[in-house]
Amino acid sequence: MALAGVRVIELAGLAPAPFCGMILSDFGARVIRVDRTKVTMAMDAQARGKQSVALNLKSPQGVAVLKKLCLQSDVVLEPFRKGVMEKLGLGPGELLKENPRLIYARLTGYGQSGSYAKSAGHDINYLAMSGLLSMLGRRSEKPYAPLNLVADFAGGGLMCAFGIVLALLERNKSGQGQIIDASMVEGAAYVGSFMWKSRSLGLWNRPRGENMLDSGAPFYDTYQTSDGKHMAVGAIEPQFYDQLIKGLGLDAASLPAQMSISDFPELRRTFTQVFAQKTQAEWSRIFDGTDACVTPVLPLDEAGSHPHNRERGSFLKDAQGEVSPRPAPVLSRTPARPCLSRDPVVGEHTRSVLEEYGFDPDHIGQLLSAGVVECNEAKARL
Ligand SMILES: C[C@H](CCC[C@@H](C)[C@H]1CC[C@H]2[C@@H]3[C@H](O)C[C@@H]4C[C@H](O)CC[C@]4(C)[C@H]3C[C@H](O)[C@]12C)C(=O)SCCNC(=O)CCNC(=O)[C@H](O)C(C)(C)COP(=O)(O)OP(=O)(O)OC[C@H]1O[C@@H](n2cnc3c(N)ncnc32)[C@H](O)[C@@H]1OP(=O)(O)O
C-alpha cells in the first residue's frame with residue numbers, strides 16, 4: 001500500500017482528526033491512536049485499522065511515553081485547541097528537536113494564529129468563517145450547514161491528510177519533518193475556491209438559492225416521486241437538458257427556454273408535477289442509460305446495493321456487518337486495503353505497542369500501577 005511503513009501517532013479527537021487518521025490507515029500507514037485513560041468507550045467512529053494506547057498525558061511520565069512514541073514515528077496528529085500541546089510540554093519545539101524527521105500535524109478550526117485561534121468551535125462555525133455557509137441554503141431561507149461535511153471532513157480531515165502526504169513526499173528530498181497548520185476555516189475555503197474564482201462568470205450574482213447550482217435552477221434540483229422518494233436532476237448542458245425533457249415526456253416546443261430565469265418558477269412547477277406521477281424506480285428505469293443526468297437519491301442503506309456501486313464494489317462490509325464506503329481514490333498498483341476487523345477497544349494495544357517501542361515489561365508494569373497507562377487486552381476479548 002502507498003503509505004506502508006509510515007508510523008502515525010494520532011491523539012484522540014472528535015471527528016476531523018479521526019477521519020485523517022483513518023485515511024492514512026486505509027492507505028497503509030500504521031496508526032496508533034492515543035486515548036485518555038478512564039474512558040468507558042472510544043468516541044472514534046472512524047477507527048478502521050487503528051490501534052489504541054490509553055495514556056494519561058496529564059502525568060509527566062505519560063508525556064515521556066508520548067515523546068518516546070513520537071521519537072520513533074513519522075507523524076504526530078494533534079486535534080486540540082491552540083496551546084494545549086505546548087502546555088503539556090509536547091509542542092513542536094520539543095518533539096522536532098528530538099526527532100527532526102517528525103511531521104507534526106495540527107488540525108484545528110481557526111489555525112495556530114489569529115484572534116480566534118484559542119476559541120472553541122465546530123464545523124458550522126468554521127464553515128461560517130470560510131464565507132461558504134452564506135451561500136448554502138434555499139431561496140428566502142436562512143443559511144444551513146450540509147451536515148458537518150465541508151469543514152470537518154473535506155476542509156479538515158482530508159486536507160490535513162493531504163498536507164501529511166505532501167510533507168512525507170518532501171521529506172524524501174530534505175530529510176526533514178515540518179509543522180502542518182491545518183485550519184478548517186482555510187481548508188473549507190480552499191475546497192470552495194471555485195466559488196470565489198467563478199464569480200466573474202456570473203454564477204453567483206443572485207441571492208442564495210436563486211443561482212444555477214444552489215437549487216435556483218429547475219434543472220439542477222431534487223424532485224419528489226409518487227412513492228415519497230426523490231430524484232436528483234443535474235441537466236445543465238443543453239444536450240443533456242433535451243434528454244431530461246424527453247424522459248419526462250414533455251414537449252420542448254411548449255416549454256420556456258431552459259435558461260429563462262423569469263420562467264424558472266413555471267418550469268419548476270411543471271417538473272414537480274411530472275416527477276410526482278411515477279415512483280423512483282420507474283423514473284430510474286426511464287433515465288438509466290441516458291445522458292439526462294437524472295439519478296435516484298439513495299439513502300445510505302441503499303447506496304451499496306445500487307447496481308452501479310455494487311459492480312464497482314464501492315462499499316464494503318466489515319467483520320461486524322457494518323457497511324461503509326471503501327477508500328477512495330482507487331490506485332491501480334497499490335490500492336488501499338482497509339482493515340475489516342472490529343475497531344479497537346480503548347487501551348487494547350497499550351502493552352503490545354509499548355513493548356514494540358522499546359519499553360521493558362517492568363517499566364510497563366510500573367506505568368500501569370501508577371495509572372499512567374491502561375491495558376485493556378482482556379476487555380477486548382470479551
Ligand atoms: C460537529 C463536530 C463535532 C461532532 C462530535 C460529536 C460526534 C460528539 C460530540 C459529543 C459526543 C457525545 C458526548 O461526548 C457524550 C457521549 C460520550 C460517549 O463516550 C459516546 C456517546 C456520546 C453521546 C458522544 C457521541 C459523539 O461522539 C458526540 C455527539 C465538530 O465540528 S468536531 C471539530 C471540533 N473542533 C476541533 O476539533 C478544532 C480543534 N479543537 C478544538 O478547538 C477543541 O479541542 C474543542 C473541539 C473545541 C474541544 O475543546 P476542549 O476544551 O474540550 O479541549 P481542548 O481545549 O482541545 O483541550 C483538550 C484537553 O484534553 C486534555 N487531554 C487530551 N488528551 C489527553 C490524554 N490522553 N490524557 C489526559 N488529558 C488529555 C488536554 O491536555 C487538554 O486539557 P486542558 O484543557 O487542561 O488543557
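Each ligand, and each atom within it, is numbered from 1 in the order the structure gives. Just the heavy atoms: all of them, side chains too, but no hydrogens, waters or symmetry mates, feed the values below.
Heavy atoms of Gly13 stay at 4.0 angstrom or farther from ligand 1. In this structure, Lys82 does not count as a contact residue of ligand 1, since none of its heavy atoms falls inside 4.0 Å of the ligand. Under the 4.0 angstrom criterion for non-hydrogen atoms, Leu11 is not in contact with ligand 1. Ligand 1 has no atom lying under 4.0 Å from any heavy atom of Tyr110. Distances from ligand 1 to the non-hydrogen atoms of Thr37 include no value under 4.0 Å.
Counting heavy atoms under 4.0 Å from ligand 1, residue Leu14 touches it through the side chain alone. Proximity of Ile124 to ligand 1, defined as any heavy-atom pair under 4.0 Å, is not found for any part of the residue. When heavy-atom distances to ligand 1 are checked against a 4.0 Å cut-off, Asp123 comes that close through both its backbone and its side chain. Under 4.0 Å from ligand 1, not a single heavy atom of Ala12 appears.
Per-residue contacts place Ala120 under 4.0 angstrom from the following atoms of ligand 1 (heavy atoms of the residue considered): 47 (C). Near Asn148, meaning under 4.0 Å from any of its heavy atoms, are these atoms of ligand 1: 1 (C), 2 (C). With ligand atoms numbered from 1 in the order given, ligand 1 contributes 66 (C), 67 (N), 68 (N) to contacts under 4.0 Å with heavy atoms of Leu55.
Inter-residue side-chain proximity for Leu102 and Leu71 is flagged as unmet; no heavy-atom pair is nearer than 4.5 Å. Under the 4.5 Å side-chain criterion, counting only non-hydrogen atoms from C-beta, Leu136 is not in contact with Pro143.
For atom 41 (C) of ligand 1, the nearest protein heavy atom is under 4.0 Å away. Distance screen at 4.0 Å: atom 16 (C) of ligand 1 has no protein heavy-atom neighbour inside the cut-off. Distance screen at 4.0 Å: atom 29 (C) of ligand 1 has no protein heavy-atom neighbour inside the cut-off. In this structure, atom 45 (C) of ligand 1 has its sub-4.0 angstrom surroundings free of protein heavy atoms. At a distance under 4.0 Å, a protein heavy atom can be found next to atom 24 (C) of ligand 1. Closer than 4.0 Å to atom 3 (C) of ligand 1 lies at least one heavy atom of the protein. Put simply, atom 6 (C) of ligand 1 has no protein non-hydrogen atoms near it, under 4.0 Å away. Atom 52 (O) of ligand 1 is not flagged as protein-proximal [any protein heavy atom, distance under 4.0 Å].
The CZ atom of Phe153 sits 9.5 Å away from the CE atom of Met184 when rounded to the nearest 0.5 Å. Between atom CE of residue Met231 and atom OG1 of residue Thr225 there is a gap of 7.5 Å, rounded to the nearest 0.5 Å.
Remark: minimum distance from atom 79 (O) of ligand 1 to any protein heavy atom is reached at Lys87 NZ, 2.9 Å. Ranking the protein heavy atoms by distance from atom 72 (C) of ligand 1 puts Val84 CG1, 3.6 Å first. Scanning the protein for heavy atoms near atom 64 (N) of ligand 1, the closest one is Phe80 CZ, 3.6 Å. Protein heavy atom in closest approach to atom 68 (N) of ligand 1: Leu57 N, 3.0 Å.
Judged purely by distance below 3.5 Å, without hydrogens or angles, the side chains of Gln51 and Arg30 pair a donor atom with an acceptor atom. Judged by distance alone, the side chains of Ser52 and Asp35 do bring a donor and an acceptor atom under 3.5 Å apart.
Electrostatic pairing of Arg206 and Glu210 counts as a salt bridge here, judged by a charged N lying under 4.0 Å from a carboxylate O. Ion pairing of Glu86 with Arg106 is present here, as a side-chain N (NZ or NE/NH1/NH2) and a carboxylate O approach within less than 4.0 Å.
A parallel orientation is assigned to the rings of Tyr223 and Phe275, their planes being inclined by less than 30° (bins at 30° and 60°).
Considering each of Lys58, Arg36, Arg81, the one bringing a non-hydrogen atom nearest atom 43 (C) of ligand 1 is Arg81.
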